Amino acid sequence: MNFNKIDVEKMPKHFDSAGKEKQWAKFWEENNIYAYNPAYNPAYNPDKLHEDTFIVDTPPPTVSGSLHIGHVFSYSHTDFIARYNRMKGKNIYYPMGWDDNGLPTERRVQNYYNVHCDKNAHFIENFIENFTPDKNGNPLNICRQNFIELCSLLAREDEKIYKQLWQRLGLSIDWKEEYSTIDVNSRKIAQYSFIDLYSKGHLYMSNAPIMWDVDFQTSIAQAEIEDRMLAGEMFRILFFTEALNETVEIATTRPELIPACVGVVVNPSDKRYEHLRGKTLITPLFGVKVPVITSDLVDVEKGTGIVMICTFGDVTDVTWWRENNLLLRQVLGFNGRFQAIRFGEKGWESIDSAKANECYSRLQGKTIFSAKKEMLEMLKSDKPSWQHLYALQSEPAKLERMVKYYEKGDKPIEFIPSRQWFVKILDKKEELLQKGEQIAWEPHFAKIRFEEWTKNLAFDWNISRQRYFGVPIPVWYPIDDNGAILFEQPILPAADRLPIDPTIDTPAGYQASQRDKNGGFTSEPDVFDTWFTSSLTPQLNSKWIFDENRHKKLFPATIRPQSHEIIRTWAFYTIVKAHLHENTIPWERVLISGWILDPDRKKMSKSKGNVETPEIWMDHYTADGVRYWAAKAKLGVDTAFDINVMKNGARLVTKLFNAAKFVLAHEGQSAEIVNELDKAFIQELRGLVLRVSKYLDGFDHASALQEAETFFWNIFTDSYIELVKKRAAVENSNAQQRNSAITTLRIGLEVILKLFAPFLPYITEEIWSWSFAAEKNEKSIHLSSFPTVSDLEAIKTPDYSQSYKLALSLLNDIKRYKALNNLSYSSNIPKINLEIGSESLQIYQLLQDDLVAYGRIENVQITDSSSKEASFV
RNA sequence: GGGAGCUUAGCUCAGCUGGUUUAGAGCAUCUGCCUUACAAGCAGAGGGUCGGGGGUUCGAACCCCUCAGCUCCCACCA
């Protein structure tokens, strides 16, 4: 066979990365290069899952503005794995989802369009069509439904931009398998998940103190909490004994909650307060009698060793309140302001109601911040007639303390009793840990994180959110004839009605007119926590009960790539769901990418303002160059952002471009490989293929790339090509030797291209198209098969490793000789001595022509050396 | 307080279950070479007592102990 020769004269001097990236991205999409084929395996056997299918549970990025270089980093890692397995002949299921429901989108919509969601606003028909945002005036009040329309609109726009970036980066996603976490299928599946969990007894509704964000006015799950260090003050407040003649000093950081005080607690071993146990104390200003209880949770060293229990100051308050059946005195409203209450009424008894109400009136309607100021003022300078001392007499002590925040919020979370749906998980720690055992975690420490989180779970999973842009909880409640809502008798829809919106749809057996009427029904107003939906991504892909055949093929998934900070959320909840629904694992393997750190070794994130825009780096260093940078980092390892690595990637792209031009410009014929050096090179190539495959099979893309790169640079371009240059030249009249070299060069290039293809999809596709595409009858390198050693089986024996070693060593001698003598490489060496043992001499003679031609050596003086090493001196 | 990861050349990192490493790569530095694939290149050179200190071993960057520093997760709100 004659090789197709490329015409170098007609080729551009440099690789036009920007133009070629566009061209090939379009080519891949138009030719369905990355499409999942559901009918791929005719002999499909559900009992032998994943024999030829490789299912990626792609992370759906939050659609709320822009992607940063950290996304590029981790999504590239997934793509290397997908591309490698595609070339290994696997049927790749590699979708892309968009996580568009939830708070980030809501907040962005509010700012972007200057609107505000108001439950009382009326619905506007054809709202979007006629809507022009007024960005300067007061926010426009719109109803939930119109608000959701805007959320979807903006999300779609953001998704387009994200998709462009992913395509430019060359992610081999099947864009026919695109979903969003708010689309019809996702709503169906999330709601079915609820129904299934309910029927299996894993759900309960509870009116209990939950973590609440007063700004967003929604409940928050444990996983969404983060701790922040806050400067605070510790006040010492006087409580009074029942006889009103003695005082007890109680330390608190939250004096504004004194009206919510329901008890006082001391450590049972604390001698100082022995006399108070079982007695009653009276709160300052409000004159409320509260019991003194004991608990081991009290630290005798902290504060005064005596703690006031409020409903609710913190999570231990909740514990004490629950364990001791204390009263509920809720002063804080859902909006974070002090709500209306009356002292003297049931549950609010006071020894001086009039004064208590006078004091409280100064707090009512205030936020926590201003109520605290007001309260301190009163404690210092006001006192009821029964108080013989002001309750606050000392200056506060400054302290730094950790306070719980909603991770997206600006004010500390509060504990407020509210009706919420929960998934029971606290009783399933053991089972969940066992599921963790069945999953392969890469790197291994990710599993330890999962286990630590699971062991330390403190709350069941609160899945209710009091928000708008989310999947509605598919529940109605009957209203009895007296107007009471029967929360304990929820009405759930049948699976075939899904998705529903209970605020619009009517439950079976009712008329729409019965909504919110006595004897009728009312709807659950809340939506799901976004994790409730995103914990179902494997099922969103497989369609679950809505397409059972597909579900059998696509569930569980093969890999779940993600980053480590969401092990406790996304990974954890996904494991919870698969366990509770089908008693299985959601995927075989979790792959964790590290973080990108800025040069100060802080995590790069938008809020810290140190994020680099990915497009800029692709403009500068090509998409392949950016991917190269990502590929240099092992899974799980945090990496500093370093443009020098991208620069190096771009350098590799250029080198490939030039080396390929050189190799493919040689005219010649496919021929038997007869030359010793060529055979030795092929054997080296075999070793390379083995090593790269081994690393990629073990999800170590960094080492795989390193191997390929070192080989390409050191063995291929700087050694083999240099040595055979003369022999492969058209001037060489020995056709057998020339064709042997040209054939070997082509094999080398083809194998190397394929090894690089998962990492550098653009440059490898470009080179592939020059002549291999036609020769091999495969239009895309990404559809070609990954090299195996058996492809190179012909050159297996005898062992040529000594030959290549000798060639390399002598080549380096020549280079060093010229470098040390400041000789130009085009200069001739009139005479050189070769010291060589008799064993090597035979091999040398087979290599001599190439070596002598490379070094332009006119005369070699051979000296017998007793040492085994051979060298030019 | 509990858990995890990290500390190797000026910088970014390899070195995985101790012995082809008298410690490697790329970048950066210095020196030489326009060699018709590539100066967006090639070659050569310098540079590290592997965070400190102990120990185990014939042998330790690697295993154990200890100290120090950095990062993250969880707990700690009186």
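In this text the structure is predicted, and so the values were computed from the model without any measurement. Lettering follows sequence order; numbering is per chain, from 1.
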First encountered from the 5' end of RNA chain B, between A:Val298 and A:Phe15: A:Phe15

Interatomic distance where CG belongs to A:Asn821 and C1' belongs to B:A45 [whole Å]: 15 Å

Stepwise ring pair (Phe, Tyr, Trp, His ring centres under 6.0 Å) check, A:Phe681 with A:Phe711: CA-CA 11 Å; A:Phe681 174 77; A:Phe711 185 95; 5.8 Å; yes

Partners meeting side-chain hydrogen bond (donor to acceptor under 3.5 Å, both in side chains) with A:Trp441 (sequence neighbours left out): none

A:Arg449 side chain to A:His564 backbone, donor-acceptor under 3.5 Å: yes

Centroid separation A:Phe312 to A:Phe415 less than 6.0 Å: no

Test item: A:Ser809 side-chain N/O and A:Lys805 main-chain N/O as donor-acceptor pair under 3.5 Å: no

Nearest-Å distance once atom P is located in both B:U49 and B:G24: 15 Å

Nearest-nucleotide pick for A:Val403, side chain only, options being B:U12, B:A45, B:C77: B:C77

A:Lys818 side-chain N/O to A:Tyr825 backbone N/O, donor-acceptor pair under 3.5 Å: yes

Distance-only donor-acceptor check, side chains A:Lys634 and A:Thr639, under 3.5 Å: no

Per-nucleotide protein contact string for nucleotides 2-11 of chain B, where B marks a base within reach and S marks sugar-phosphate only (heavy atoms under 4.0 Å, - for neither): -SSS------

Residue pairs passing the side chain to side chain donor-acceptor pair (under 3.5 Å) test where at least one lies in residues 309-324 of chain A, sequence neighbours excluded: A:Ser295-A:Trp320, A:Asp314-A:Thr316

Separation of atom CD1 in A:Ile225 from atom P in B:C76, rounded to whole Å: 12 Å

Atom-pair distance (CD on A:Glu707; P on B:G26), nearest Å: 14 Å

Whole-angstrom distance between B:U66 and B:A25, as gauged at atom C1': 33 Å

Reading 5' to 3' through nucleotides 33-38 of chain B, protein heavy-atom contacts under 4.0 Å coded B for base, S for sugar-phosphate only, - for none: SSB-BB

RNA chain B base-pair string [pairs: Watson-Crick or G-U under 3.5 Å; |: paired with another strand]: (((((((..((((.....[....)))).(((((.......))))).....(((((..]....))))))))))))....

Polar side-chain atom of A:His77 near backbone of A:Ala630 as donor-acceptor pair, under 3.5 Å: yes

Parallel, tilted or perpendicular: rings of A:Phe15 and A:Phe657 (30°, 60°): tilted

Sugar-phosphate only, base, or nothing, as touched by A:His14 at under 4.0 Å among non-hydrogen atoms: base

Test item: side-chain donor near acceptor, A:Ser269 and A:Asn267, under 3.5 Å: yes

Nearest-neighbour nucleotide for the A:Asn648 side chain, B:C13, B:C74, B:C27 considered: B:C27

Test of ring centre spacing under 6.0 Å for A:Phe641 and A:Trp629: yes

B:C65 to B:U17 separation - P atoms, rounded to the nearest Å: 16 Å

Pairwise P distance, B:G19 and B:A75 [rounded to whole Å]: 41 Å

Separation of the P atoms in B:G15 and B:C73, to the nearest angstrom: 25 Å

Sugar-phosphate only, base, or nothing, as touched by A:Trp713 at under 4.0 Å among non-hydrogen atoms: sugar-phosphate

Short N-O contact, A:Arg651 and A:Glu709, less than 4.0 angstrom: no

Rounded P spacing from B:U8 to B:C50 in Å: 11 Å

Distance in angstrom units between A:Tyr621 OH and B:A40 C1', rounded: 12 Å

Whole angstrom value for the distance that separates P of B:G26 from CG of A:Leu705: 14 Å

Whole-Å distance separating the CZ atom of A:Arg816 from the P atom of B:A43: 12 Å

Distance-only side-chain donor-acceptor flag, A:Glu707 / A:Ser703, under 3.5 Å: no

Same-atom distance (C1') from B:C72 to B:G10, integer angstrom: 28 Å

Distance in angstrom units between A:Glu226 CD and B:C73 P, rounded: 8 Å

A:His666 and A:Phe662 aromatic ring geometry - parallel, tilted or perpendicular at 30°/60° bounds: perpendicular

Interatomic distance where CG belongs to A:Asn812 and C1' belongs to B:G44 [whole Å]: 11 Å

Contact letters for nucleotides 14-20 of chain B, in which S counts primed atoms plus P, OP1 and OP2 and B counts the base, heavy atoms under 4.0 Å: SS-----

Whole-Å C1' distance, B:C16 and B:C63: 14 Å

